[in-house]
Amino acid sequence: REGLYRELSRLAQDADLLLLDTASGASRLTSQFARAATELVVVTTPEPTSYSDAYGLIKVLAAQGLGVTPAVLVNRAASIEEAEEVAHDLASLTRRFLNLNIDSLGAIPDDPSVGQAIRRREPVTSAFPKSPSAIAFKILAQRLWARPQDPTSSAWPIEAGGRLSA
C-alpha cells in the first residue's frame with residue numbers, strides 16, 4: 001500500500017489533475033484516499049442503496065475530520081429533476097444530521113452511449129462526443145476546473161517514511 005501512495009504522490013507532482021475512482025462504501029482505503037484529497041466528489045445514483053452508501057461515506061469522513069467540502073455528482077440520472085432531488089435530499093441529510101454542507105456538481109444522464117463506448121473500449125467523449133453523457137462530462141470538467149483551489153493544500157500529503165498523512 002505504501003508503494004501505491006508513493007507512486008500516486010509522484011504522479012501528482014507531474015499532473016494537473018489526478019482523479020481516483022474508489023469502491024463504493026466507506027472502506028478503510030476509500031476513507032484514506034478521500035481524507036487525503038484536495039477535492040472530494042462523491043458519486044451516487046438515484047438508487048436508494050447508492051445514496052445511502054454516499055451518505056454513509058460522508059458521515060464516516062465527517063467523523064474522521066474531513067478537511068474539504070464534499071461535492072456530490074448524480075450518475076445515471078433519468079432526468080435533471082431526478083438528479084436535483086437526489087442531490088437535494090443528500091444535502092438536506094448531511095446538513096441536518098452532520099451539520100455539513102455539500103456542493104452539487106450536477107448529473108450524468110443515464111445514456112446507452114456509455115455502454116456502447118465501454119464495449120468499444122473508448123471514452124464516451126471520444127466515441128460519441130454529441131451524446132448526452134459526453135456533453136455532461138464536458139460540463140462537469142468545466143465545473144471542476146472552475147472551482148477555486150486552496151493554494152496551501154498539497155495533493156497526497158506524504159509524511160517522512162512514505163506514509164500517507166490524512
Side-chain angles (χ1 to χ4, degrees), residues 4 7-27 29-62 66 68-95 98 100-150 153 155-156:
L4 174 63
E7 187 61 24
L8 289 172
S9 181
R10 188 189 66 72
L11 288 171
Q13 293 173 2
D14 297 330
D16 291 329
L17 177 69
L18 183 60
L19 182 67
L20 293 179
D21 182 7
T22 63
S24 63
S27 73
L29 187 59
T30 297
S31 66
Q32 285 178 328
F33 281 136
R35 286 183 294 122
T38 57
E39 287 280 328
L40 178 61
V41 178
V42 178
V43 180
T44 187
T45 71
E47 299 296 322
T49 53
S50 181
Y51 58 83
S52 177
D53 280 351
Y55 174 77
L57 174 62
I58 295 168
K59 182 178 178 180
V60 166
L61 295 173
L66 182 61
V68 298
T69 300
V72 65
L73 174 69
V74 181
N75 192 23
R76 302 194 70 185
S79 67
I80 293 295
E81 294 78 20
E82 180 182 54
E84 287 174 349
E85 182 180 344
V86 169
H88 178 267
D89 289 352
L90 192 55
S92 294
L93 284 170
T94 59
R95 193 172 32 258
L98 304 177
L100 179 68
N101 290 320
I102 61 173
D103 297 330
S104 175
L105 285 173
I108 305 297
D110 195 8
D111 180 2
S113 298
V114 173
Q116 293 170 358
I118 290 169
R119 285 187 290 282
R120 289 171 60 167
R121 296 190 170 146
E122 291 182 54
V124 72
T125 53
S126 299
F128 304 101
K130 294 183 181 180
S131 68
S133 58
I135 293 167
F137 277 118
K138 291 172 188 171
I139 291 169
L140 172 63
Q142 291 170 349
R143 287 180 181 158
L144 287 171
W145 282 116
R147 289 169 63 94
Q149 297 292 315
D150 179 358
S153 68
W156 302 106

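Just so you know, these numbers come straight off a predicted model, no measurement behind them. Reckoned from all heavy atoms, side chains included, excluding hydrogens, waters and symmetry mates.
For the atom pair OG1 of Thr94 and CD1 of Ile102, the computed distance is 4.0 Å after rounding to the nearest 0.5 Å. Here CZ of Arg95 is found 6.0 Å from CG of Asn101. Values are rounded to the nearest 0.5 Å.
Scanning all heavy atoms of the two residues, the minimum distance from Phe128 to Ala134 falls at O-CB, 3.2 Å. Here the closest heavy-atom approach between residue Pro123 and residue Ala117 is recorded as C-CB, 4.2 Å.
Judged as a side chain to side chain donor-acceptor pair (under 3.5 Å), the pairs with a partner in residues 44-54 (not counting sequence neighbours) are, in order, Thr44-Ser50, Thr45-Ser50. The salt bridge (Lys or Arg N to Asp or Glu O under 4.0 Å) analysis of residues 105-128, with sequence neighbours excluded, yields the pairs Arg76-Asp110, Arg120-Glu122.
For Leu66, the side-chain contact (heavy atoms from CB on, under 4.5 Å) partners two or more places apart in sequence, or in a different chain, are Leu40, Leu61, Val68, Pro70, Leu100. Qualifying side chain to side chain donor-acceptor pair (under 3.5 Å) partners for Arg10, counting only residues two or more places apart in sequence or in other chains: Glu7. Every side chain to side chain donor-acceptor pair (under 3.5 Å) that Thr30 has, sequence neighbours left out, goes to Ser27. Qualifying side-chain contact (heavy atoms from CB on, under 4.5 Å) partners for Leu140, counting only residues two or more places apart in sequence or in other chains: Leu73, Leu105, Ile108, Phe137, Leu144. Residues passing the side-chain contact (heavy atoms from CB on, under 4.5 Å) test with Pro129, sequence neighbours excluded: Lys138.
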Using distance only, find each side-chain donor-acceptor pair of residues 80-92 under 3.5 Å and give its atom names and separation, not counting sequence neighbours.
unit_1, atom_1, unit_2, atom_2, d
Glu81, OE1, Ser79, OG, 3.4
Glu82, OE1, Ala78, N, 2.6
Ser92, OG, His88, O, 3.0

